[in-house]
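One structure below.
Start at 1 and go down the list; that is how both ligands and their atoms are numbered.
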Amino acid sequence: MIETNSLTKKYDNGFVAVNDLNIHVYKGDIYGYLGPNGAGKTTTIRMLNGLIQPTNGEILIEKQKTNHNISEIRKMIGVLPESHGYYNWMSGCEYLTFFAKLYEYPRLKLKSRIKEVLEWVGMAEKAHVRIGQYSRGMKQRIGLAKSIIHEPSLIFLDEPTLGLDPQGQKDIQAIIQRLNKENGVTVFITSHLLKEISEICNRVAIVSKGNLIEENSIQNLMGKYQNLSENGTVTLEDIFFYLTKSEENVG
Ligand SMILES: Nc1ncnc2c1ncn2[C@@H]1O[C@H](COP(=O)(O)OP(=O)(O)OP(=O)(O)O)[C@@H](O)[C@H]1O
Ligand SMILES: [Mg+2]
């Protein structure tokens, strides 16, 4: 579904945020993209979405090079960015309508699609309230609704549960799993909540300082790093600390 070859981003100030990255996301994956603050996760997502240009390397989405037909590819992807400017004066319903039209979603299906998505994210009751009056969790929910309004087959979620209360985190997690299971949506997600990631993802990548350290299925990782645990049950957190620490020593 996604393949990158030697993907590199050097910002104008000379800083290399993503270095020679080779990752593979398969159809149907819930793929966790993990790393400490500043590892280059958001930079990678922005390149995959075509929001910023790579300095080097290539990106293939569904085997198509994104530098050739990003506008076609955009129709099949949905994005919940790290920081989003919400349209505070719009109601949730207007916001979704606006984006559905932008994506040229079929007019005949528009009304029922908006209703369906609002129900999925638990925002049907607040559909006609202005976004400016939403709580953070509600904004996050409507942002998730926006990312799936046009029925994309691949979604990018940059810390979708950031700042949410435990119930909100669980709800978003359940929506992601449902989208994946029932609609076959492939999910590329970043989060610092490693317990959450280990519960919903089948595969993960761990990056540090712009470098890929490990890409594997959760199952293989647990086997490979079994010896890290003293009591026999290794967690993703144990593996994350181990791998990002050893990278620090190298760097
Ligand atoms: N526009 C920019 N110009 C220069 N450097 C940048 C720019 N944007 C990001 N960086 C740097 O690139 C590195 C990676 O940033 P990025 O936002 O991709 O990290 P991240 O992994 O998403 O971190 P976080 O977990 O905090 O969201 C950081 O060191 C950051 O300071
Ligand atoms: Mg980020």
Item to complete: Please work out which of the three classes, parallel, tilted or perpendicular, describes the rings of Tyr103 and Phe99, given edges at 30° and 60°.
Response: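 Aromatic pair Phe99/Tyr103 classed tilted.
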Using a 3.5 Å cut-off on N or O atoms only, is [X] in polar contact with ligand 1?
X	answer
Phe15	no
Ala39	yes
Ala17	no

Discussion item. Looking only at protein heavy atoms, which one is nearest to atom 25 (O) of ligand 1, and what is the separation?
Written reply: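 Minimum-distance protein heavy atom for atom 25 (O) of ligand 1 reads Lys41 NZ, 2.7 Å.
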Fill in: For atom 23 (O) of ligand 1, the protein heavy atom that lies nearest, with its residue and separation
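Answer for atom 23 (O) of ligand 1: Gly38 N, 2.8 Å.
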Hey, which atoms in ligand 1 end up nearer than 4.0 Å to a heavy atom of [X]?
X	answer
Thr43	14 (C), 15 (O), 16 (P), 18 (O)
Glu82	27 (O)
His192	25 (O)
Glu159	25 (O), 27 (O)

For [X] and [Y], which I'm curious about, is there any donor-acceptor pair between the side chains at under 3.5 Å?
X	Y	result
Gln173	Thr161	no
Glu215	Tyr33	no
Glu196	Ser191	yes
Gln167	Asp165	no
Glu94	Tyr87	no
Thr190	Asp158	yes

Worksheet item: By atom name, which N, O or S atom belonging to Glu82 lies closest to the Mg ion (ligand 2)?
Response: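 Restricting Glu82 to its N, O and S atoms, the minimum distance to the Mg ion (ligand 2) goes to OE2.
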Discussion item. I'd like to know if Gly40 contacts ligand 1, where contact means a heavy-atom distance under 4.0 Å to any ligand atom.
Written reply: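 Under 4.0 Å: yes for Gly40.
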Worksheet entry | Heavy atom of protein inside 4.0 Å of atom 27 (O) of ligand 1, strictly below |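 At least one protein heavy atom is under 4.0 Å away.
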Item to complete: Would you confirm whether any non-hydrogen atom of the protein falls under 4.0 Å from atom 4 (C) of ligand 1?
Response: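 Under the 4.0 Å cut-off, atom 4 (C) of ligand 1 does have protein heavy-atom neighbours.
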Worksheet item: Quick check: does Asn37 have an N/O/S atom under 2.8 Å of the Mg ion (ligand 2)?
Response: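 Asn37 does not place any N, O or S atom closer than 2.8 Å to the Mg ion (ligand 2).
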Discussion item. Using modelled atom types and a 3.5 Å cut-off, is there a donor and acceptor pairing between side-chain atoms of Ser112 and backbone atoms of Leu110?
Written reply: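 Pair absent, no side-chain N/O of Ser112 close to backbone of Leu110.
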Worksheet item: So between Val207, Thr42, Asp158, whose heavy atom ends up nearest atom 17 (O) of ligand 1?
Response: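 The nearest heavy atom belongs to Thr42.
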